[in-house]
Number of protein chains: 2
Amino acid sequence: MSTTGERRQGEERVLEGSADRVITFVRDLIDRGRLRPGDRLPAERDLASQIGVSRPSVRAALHALAAIGVVRSRHGSGTYIPDGPPALGSEPLSFLAALHGFTREEMYEARRILEVGAAGLAAERATPEQVATLADEVSGLFASLNDPQLFLVHDINFHRSVAAASANPIVASLVEMISGLYYERRRDTAARASDRDLRDAADMHRRIYQAIRARDVNAAKRAMEDHLMQAREYQSKEPADDAQPAGAAAPPPAARSGRPRRRQAAH
Amino acid sequence: MSTTGERRQGEERVLEGSADRVITFVRDLIDRGRLRPGDRLPAERDLASQIGVSRPSVRAALHALAAIGVVRSRHGSGTYIPDGPPALGSEPLSFLAALHGFTREEMYEARRILEVGAAGLAAERATPEQVATLADEVSGLFASLNDPQLFLVHDINFHRSVAAASANPIVASLVEMISGLYYERRRDTAARASDRDLRDAADMHRRIYQAIRARDVNAAKRAMEDHLMQAREYQSKEPADDAQPAGAAAPPPAARSGRPRRRQAAH
DNA sequence: GACATGAATTGGTCTAACCAATCATCAGCA
DNA sequence: TGCTGATGATTGGTTAGACCAATTCATGTC
């Protein structure tokens with residue numbers, strides 16, 4: 001019907017831009033159940049002709065969808081909807097952090113809120129397999145006390161597993177997002193952690209694991225809370241790699257202060 | 001220097017795609033502090049020539065950045081970094097919800113975890129102005145008991161204000177993100193709420209407000225928890241607009257069942 | 001039957017142009 | 001003097017057509 005592209009009439013105003021029409025189209029396929037995780041989207045050329053927009057517009061839209069993790073393109077193969085558990089990329093948070101100068105304190109606080117909640121849910125619902133996974137990660141932590149980088153990997157995996165055991169994909173996605181940001185920052189400084197700190201951290205993880213295994217919700221939450229508080233303390237003692245202020249209400253970094261906050265006139 | 005575009009040499013392998021180079025370029029500007037909230041990016045044509053890629057590629061990258069909320073384009077004016085408090089769009093979550101069938105229960109659970117934490121922080125740190133804003137929203141709630149749509153607006157604003165009063169931009173962003181998803185779903189069904197439910201909800205909000213004003217952290221958390229639990233109860237009684245299952249571990253909607261979960265072979 | 005080969009498919013990129021919204025400038029008028 | 005409106009430069013929005021590059025798969029040879 002619109003293959004020749006006569007949109008000159010104007011009797012039916014197009015309220016959306018080309019790229020937005022593509023996104024709406026894809027969203028519609030998803031809502032109608034025609035597109036599910038693991039599926040492949042129509043080829044860019046097909047989308048372009050079906051929707052009646054140019055290929056560059058399709059590409060811009062697909063880049064937008066890829067940015068929020070809805071699709072993933074593979075050269076020569078196609079564009080796919082990622083399979084596996086739902087996941088939110090941490091890039092948005094990373095950009096926000098760079099733009100607004102999030103502090104380490106603030107990050108720990110957010111983690112604390114989310115992960116304490118996740119630990120509580122995990123204590124209620126963790127399956128035997130998930131409990132076993134947690135046990136594996138705890139032993140991994142104790143086995144890598146002398147390898148801070150590897151320790152960090154087990155650390156991340158433990159927290160990821162707790163989030164998964166919460167059986168709430170939204171909470172899990174949020175934890176993943178924050179963890180991604182944390183890992184991004186942490187891998188540069190992980191080597192500075194002292195042996196004693198790693199030992200303490202491993203103990204804390206073990207305590208969390210035991211509480212979850214015992215299905216003790218309050219103990220799990222308390223253990224996670226204590227762990228994150230302690231981790232925050234330890235890392236605030238490590239030499240800071242950057243000028244990140246430590247206080248939540250502390251003044252912003254030097255380069256930021258005194259800026260007259262110019263606003264755009266006609267938003 | 002590269003206006004004529006001689007990139008045939010190949011002696012310096014480009015490891016990133018064109019769009020990625022643009023994103024890296026912008027990210028670098030941000031990290032160096034040359035680009036801050038409220039600023040305008042170079043014109044697309046300038047970016048293209050500076051980076052050495054074509055304009056469609058720049059556009060694709062800019063669409064990607066716009067999708068995660070890092071930039072915002074205004075036709076005829078330019079592309080800007082949004083000013084104001086840091087914010088995460090709720091589209092990623094919305095797509096994930098559509099793709100994986102998040103339930104209302106799961107959403108309330110995530111809200112509960114985040115907002116109970118936010119309420120606790122708000123009780124510790126809310127400024128007098130923020131407390132006053134909360135008071136305004138509470139009166140707005142009581143004033144709109146007979147207008148469910150307006151009530152919903154005050155409802156959202158109250159929760160948004162609590163998040164802002166947490167003085168943690170990460171937590172606030174996350175709450176905003178979830179709230180956006182909630183609002184998206186809720187506005188269709190808000191009219192079905194009963195008068196009595198609205199009255200109860202307004203009372204709950206008042207209780208939260210009073211606890212925050214009194215700087216009673218535990219009371220604030222408990223009040224928020226009770227409120228969200230109650231809201232969940234009420235809304236599960238309302239006729240469902242869609243086939244959203246109520247249980248966290250409930251089977252997926254009809255259109256989803258029985259699908260053999262075809263996977264892509266060579267990821 | 002196993003493996004190399006090449007065509008078809010599909011994403012990745014570019015050039016060159018035009019349309020459309022915005023904005024700053026400046027002439028003209030009150 | 002001060003305001004208003006026209007106008008051209010700037011900037012995002014979109015298109016068309018072409019070519020490159022990675023992947024896939026059917027084909028044919030050994």
Side-chain angles (χ1 to χ4, degrees), chain A residues 2-10 13-26 39-67 70-82 263-267, chain B residues 2-10 13-26 39-67 70-82 263-267:
Chain A
S2 71
T3 47
T4 51
E6 71 294 11
R7 88 189 56 73
R8 192 68 46 78
Q9 287 309 323
R13 281 269 293 126
V14 175
L15 293 164
E16 293 179 312
S18 293
D20 290 320
R21 268 199 290 168
V22 177
I23 292 179
T24 301
F25 184 86
V26 174
D39 288 352
R40 203 187 79 178
L41 274 69
E44 292 183 353
R45 293 164 176 82
D46 293 342
L47 278 177
S49 66
Q50 279 179 44
I51 305 175
V53 302
S54 70
R55 223 187 121 205
S57 295
V58 171
R59 287 187 58 70
L62 255 27
H63 267 92
L65 289 176
V70 174
V71 304
R72 183 181 162 83
S73 291
R74 283 190 293 149
H75 192 165
S77 175
T79 301
Y80 301 82
I81 301 213
R263 276 195 127 267
Q264 211 50 31
H267 269 198
Chain B
S2 72
T3 47
T4 49
E6 70 292 13
R7 87 190 55 74
R8 193 68 45 79
Q9 290 307 324
R13 280 269 294 124
V14 175
L15 293 165
E16 293 180 313
S18 293
D20 291 320
R21 269 199 289 165
V22 177
I23 291 179
T24 303
F25 184 87
V26 173
D39 289 352
R40 204 188 77 178
L41 272 71
E44 293 183 354
R45 292 163 178 83
D46 293 341
L47 278 178
S49 67
Q50 280 179 44
I51 304 174
V53 301
S54 70
R55 227 189 116 204
S57 296
V58 171
R59 287 186 59 69
L62 256 27
H63 267 91
L65 290 176
V70 175
V71 304
R72 183 181 161 84
S73 292
R74 283 190 293 148
H75 193 167
S77 174
T79 301
Y80 301 81
I81 300 209
R263 277 195 126 268
Q264 212 52 32
H267 267 197

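Below, each value reflects all heavy atoms present in this structure, side chains not excepted, and no hydrogens, waters or symmetry copies. Numbered from 1 within each chain, the chains take letters A, B, ... in sequence-line order.
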- [ ] Quickly work out the B/Glu16 CD to D/dA21 C1' distance and round it to whole Å.
- [x] 18 Å
TODO: Figure out the CG/P separation between A/Asp20 and D/dG12, and round it to whole Å.
DONE: 17 Å
- [ ] Give a yes or no on whether the backbone of A/Glu44 and the side-chain of A/Arg59 come within a donor-acceptor separation of less than 3.5 Å.
- [x] no
TODO: Tell me whether the OP1 or OP2 atom of C/dT13 has a side-chain N or O from B/Ser18 closer than 4.0 Å.
DONE: yes
Task: Phosphate contact (D/dT14 OP1 or OP2) by B/Arg59 side-chain N/O below 4.0 Å - done: yes
TODO: Check the distance between C/dG11's P and A/His75's NE2 and give it to me in whole angstrom.
DONE: 9 Å
TODO: Using a cut-off of strictly less than 4.0 Å, decide whether A/Ser77 has a side-chain nitrogen or oxygen near OP1 or OP2 of D/dT23.
DONE: no
Open item on the list: If you assign each of A/Pro56 and A/Gly78 to its closest nucleotide in DNA chain C, which residue comes earlier from the 5' end?
Closed with: A/Gly78
- [ ] Report yes if some heavy atom in the side chain of A/Leu62 is under 4.5 Å from a heavy atom in the side chain of A/Leu41; otherwise report no.
- [x] yes
- [ ] Figure out the CD/P separation between B/Glu44 and C/dT15, and round it to whole Å.
- [x] 15 Å
TODO: Would you indicate, yes or no, if C/dT13 has its OP1 or OP2 atom less than 4.0 angstrom from a side-chain nitrogen or oxygen of A/Arg55?
DONE: no
Open item on the list: For a quick test of reading the model, state the closest non-hydrogen atom pair linking A/Val71 to A/Pro82 and the distance between them.
Closed with: CA-CD, 3.9 Å
Task: Length of the CZ-P vector between A/Arg45 and D/dT15, whole Å - done: 16 Å
Open item on the list: Using every non-hydrogen atom in the two residues, find where B/Ala19 and A/His63 come nearest and quote the distance to one decimal.
Closed with: CB-NE2, 3.5 Å
Task: Under-4.0 Å side-chain N/O to phosphate OP1/OP2 contact, B/Ser73 with D/dG12 - done: no
Task: Whole-Å distance separating the CD1 atom of A/Ile23 from the P atom of D/dT14 - done: 11 Å
TODO: Please report, rounded to the nearest Å, how far the P atom of C/dG11 is from the CZ atom of A/Arg40.
DONE: 7 Å
Open item on the list: So, does B/Ser57 get its side chain near the phosphate of C/dT13, meaning an N or O under 4.0 Å from OP1 or OP2?
Closed with: no
TODO: Looking only at non-hydrogen atoms, find the nearest pair between A/Gly78 and A/Arg40 and report the distance.
DONE: CA-CD, 4.0 Å
Task: Interatomic distance, B/Leu47 CG vs C/dC14 P [rounded to whole Å] - done: 14 Å
